[in-house]
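Here the structure is laid out as structure tokens; the discussion comes afterwards.
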Amino acid sequence: MTPPEVEPQLKVLQQQPQNSHLDDRLPRLARSQHGDGKRRGSIVSRKRPHWPLDFFGIRWGEGMLNDVRARAPYYWSDWADAWNYRVIPSTVYMYFANLLPALAFSFDMFESTGMSYGVNEVLLSSFLGASAFSFFAAQPLVIVGVTGPITVFNYTVYDIVADRGTPYLPFMAWICFWSMIMHFFLGIANSSNAVRWVTRFSCDIFGFYVAFIYLQKGVQILALQWHSVTNPDASAYLSISIGLMVLVVGYLCGVMARSTLFVHPARTFLRDYGTPLTVVLFSGYQFIGKMDNVALLRLPTAQAFRPTLERGWLVRFWEIPTADIFLAIPFALLLTCLFYFDHNISSLIAQGTEFPLRKPSGFHWDIFLLGVTTGISGILGLPPPNGLIPQAPFHTASLCVAFKRTVPPSTASGEDPKEPCKLIEVTTHVVEQRFSNLAQGILILITMTRPLLSVLGIVPQAVLAGLFLVMGVQALEGNGITLKILYLLQDKALTPMSHPLRKCRLGAVWKFVILELVGFGAMFAITQTIAAVGFPVVVVALIPVRMYLLPKWFARGELSRLDQATASKFTLESVGGAWGGAGDEGYDDGDDGNDNGNDRNGQTAVLSGEDIATAVQGASPGSASSQSLTLQAQAHQPSSSQPSSPGGRFRQEGNSEDDVLERGDGIQQRNSGATGEKGENE
């Protein structure tokens with residue numbers, strides 16, 4: 001029985017106005033990759049319409065055009081929806097989370113590229129990426145900036161060409177130019193359709209690598225503190241204590257925000273501003289008492305709005321031998337491979353299954369746009385920006401509107417009814433808009449002014465190291481590899497029967513984790529050598545390994561629980577629909593549940609209308625072992641023709657007797673009642 005307060009919400013979900021431009025896309029998006037034009041779990045598509053640029057089996061530019069058509073109707077709402085409180089803490093958090101790591105990477109490149117790249121180059125590159133993607137991207141939630149992998153690429157190229165006498169910045173300009181052309185080709189050729197083959201296997205390995213890079217960077221910064229000119233021991237020990245306190249306090253803010261401590265406004269404040277306030281607090285901590293007499297190493301700064309070297313902002317890329325122009329092509333190919341994988345992975349994780357998104361994605365268009373920013377970066381002598389991990393998913397998470405609710409144990413999932421009720425976090429929706437990305441970019445640009453550069457000059461490097469450690473630990477905490485390792489170390493007698501990995505053989509889980517760790521080890525090892533320039537090849541190689549080798553080494557049922565699609569079918573519509581594996585391997589349907597135990601925030605559940613009513617009443621609609629629950633509406637209709645809504649896209653599913661119409665958005669309003677706690681209102 002549906003409670004009265006829920007009926008209006010269900011009625012809205014089942015009676016949405018038609019959105020014709022999305023209906024036109026459905027036959028193409030539900031299209032199979034098999035030769036017979038059919039795919040389990042989808043309707044049979046009608047013949048594809050004529051495309052004037054259909055050559056060599058490629059419908060050139062079709063993906064980009066479809067991305068623009070799908071996202072354009074939401075452009076003005078992307079700005080109007082920014083009128084929401086969640087945008088403010090998200091902007092503040094992303095400013096610190098993007099700025100301080102960028103400064104650390106700039107310090108690395110300053111020393112390793114002969115001062116070619118410094119603070120201002122990295123800050124301007126971050127602003128370039130933020131402004132371009134906030135105004136023009138089809139996926140504006142993705143934070144773009146200077147990453148650890150591109151830092152490794154930049155100084156490895158410098159080590160290779162410096163001995164040849166090749167001017168570095170003009171050579172990088174040509175690398176960026178050729179890479180821009182390759183990005184254009186990838187976008188026009190619909191190459192991002194391969195993204196549907198990227199599963200949690202590849203994302204978890206790459207995310208695990210990036211998290212370790214952050215931890216490694218934090219430790220390296222602390223190790224450098226013995227280079228202080230005066231009293232190096234005192235400086236180093238104070239720096240280590242500050243770095244560890246930033247780690248502890250910053251992490252505890254996140255833990256308390258997820259706990260039942262204090263009242264809801266206090267927990268919300270800790271979640272929104274805990275990390276920025278930690279940075280501010282320990283930046284001033286150094287001036288307390290006798291610590292003021294200890295000379296700490298601080299962040300390096302430069303002149304306001306000036307390049308690090310004595311040069312203009314325009315690189316003289318024409319002053320380079322012709323042979324070096326063509327020598328840049330293989331380096332550009334490696335850069336393109338890195339950006340293709342890195343940016344698409346960032347986009348996938350930022351739009352993961354744990355986020356109830358309502359607006360369409362656009363992978364093809366964004367790869368083309370990334371080529372534009374790459375080319376501009378080369379001309380200006382900037383390190384080229386691309387999607388950031390873990391900042392991109394952190395950005396989406398900071399925009400989630402959620403509330404907490406207690407649920408009793410579920411006997412249907414094999415849980416003991418005598419167990420105490422568990423606290424779950426219900427994410428109702430994400431504030432999808434463009435303003436927070438643009439605002440944090442503008443703040444980074446303002447940081448290039450003399451007053452703010454002076455403020456940055458008093459921030460100890462130890463605070464930066466602590467922030468690296470916090471972000472690394474948070475990224476590892478929710479990584480699928482970490483969660484599987486924790487499962488393997490758990491006492492199986494105390495592991496809930498509802499845990500999805502309980503349906504897999506223990507040996508299969510061990511084998512899968514070992515393969516992931518081997519992939520991570522190969523990535524990490526190659527970046528520690530001169531062969532680091534070939535790092536993108538190892539990254540891209542993960543896709544065919546998942547496509548062709550893992551299905552031979554694991555049973556299909558076990559593989560579907562060990563590994564799933566990173567993003568929902570709704571998000572993957574931009575690249576041709578559901579995951580490209582055989583049938584529904586990438587998605588559980590039926591008794592397998594909706595997660596594989598490696599989502600960052602726990603289980604993601606897709607609930608029917610009755611389940612939504614049950615959740616509002618405080619009962620458990622499924623497994624109570626999850627830590628986070630995403631409510632999505634499913635309206636069951638007997639007819640195969642259903643209206644689309646401006647708030648989401650639909651796909652017909654045929655996995656059961658009744659076709660299920662899956663909607664991409666969550667419930668926008670909740671009854672707060674006595675059974676649960678409501679989050680922020682839109």
Side-chain angles (χ1 to χ4, degrees), residues 102-103 105-129 131-132 144-147 149-186 300-340 368-386 445 448 530-536:
L103 292 176
F105 292 137
S106 71
F107 182 67
D108 267 2
M109 290 188 288
F110 177 81
E111 293 186 330
S112 304
T113 62
M115 298 186 295
S116 299
Y117 294 138
V119 172
N120 285 348
E121 284 82 2
V122 172
L123 295 181
L124 188 58
S125 176
S126 298
F127 169 73
L128 171 65
S131 57
V144 177
V146 178
T147 65
I150 189 58
T151 301
V152 174
F153 179 87
N154 286 337
Y155 63 65
T156 304
V157 171
Y158 180 85
D159 292 339
I160 293 174
V161 303
D163 295 336
R164 301 182 70 256
T166 302
Y168 178 67
L169 287 180
F171 187 72
M172 284 299 301
W174 281 105
I175 290 178
C176 291
F177 171 78
W178 292 120
S179 181
M180 176 183 68
I181 300 300
M182 295 175 187
H183 277 82
F184 289 171
F185 175 81
L186 292 176
T301 57
Q303 295 182 8
F305 296 103
R306 294 290 302 168
T308 303
L309 292 174
E310 291 296 329
R311 66 175 182 88
W313 279 114
L314 180 65
V315 173
R316 304 173 71 86
F317 56 89
W318 55 88
E319 296 180 353
I320 189 173
T322 305
D324 289 336
I325 294 177
F326 292 97
L327 178 63
I329 294 179
F331 291 95
L333 180 61
L334 292 172
L335 177 62
T336 304
C337 290
L338 173 61
F339 275 15
Y340 174 81
F368 185 91
L369 181 61
L370 188 64
V372 175
T373 58
T374 300
I376 295 175
S377 298
I379 294 175
L380 297 179
L382 310 176
N386 74 302
L445 180 66
M448 293 177 64
I530 191 63
V533 71
F535 158 76

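For clarity, every value in this text was computed on a predicted model and none was experimentally measured.
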Dump the intermediate steps for side chain to side chain contact (heavy atoms under 4.5 Å, CB included) on I175 and L335, then the final yes or no.
-> CA-CA 8 Å; I175 290 178; L335 177 62; 3.9 Å; yes
For V119 and T308, what are the C-alpha separation, side-chain angles and deciding distance, and is it a side chain to side chain contact (heavy atoms under 4.5 Å, CB included)?
-> CA-CA 7 Å; V119 172; T308 303; 6.0 Å; no
Assess whether side chain to side chain contact (heavy atoms under 4.5 Å, CB included) is satisfied between T336 and F185, documenting all intermediate values.
-> CA-CA 11 Å; T336 304; F185 175 81; over 6 Å; no
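Crowding of E310 atom CD: a count of heavy atoms from other residues, nucleotides or ligands under 6.0 Å not exceeding 12. Within 6.0 Å of the CZ atom in F110, the count of heavy atoms belonging to other residues, nucleotides or ligands does not exceed 12.
No side-chain heavy atom of F317 sits under 4.5 Å from any side-chain heavy atom of L169. Contact of the L445 side chain with the F305 side chain is registered, since non-hydrogen atoms from C-beta on lie closer than 4.5 Å. In this structure, the side chains of I329 and L333 stay at 4.5 Å or more apart for every pair of heavy atoms. Between I379 and L314 there is a side-chain heavy-atom pair separated by less than 4.5 Å. A heavy-atom distance below 4.5 Å is not found between the side chains of F339 and F153. Counting heavy atoms from C-beta on, the side chains of L309 and S116 come closer than 4.5 Å. Two residues are said to be in side-chain contact when any heavy atoms from C-beta on lie closer than 4.5 Å; F105 and T147 fail this criterion. Annotation: side chain of P383 is not in contact with side chain of T151 (no heavy-atom distance under 4.5 Å).
Nearest heavy-atom pair across V315 and W318 is O-CZ3, 3.9 Å. Here the shortest heavy-atom pairing between V146 and V122 reads CG2-CG1, 3.9 Å.
Ring planes of F184 and F368: parallel class, angle under 30° (limits at 30 and 60°).
Tested against F331 for a ring-ring contact (aromatic ring centres under 6.0 Å, His included), the candidates W178, F177, F326, F171 yield a single pass: F171.
Here the straight-line distance linking atom CG of L370 with atom NE2 of H183 works out to 4.0 Å at 0.5 Å rounding.
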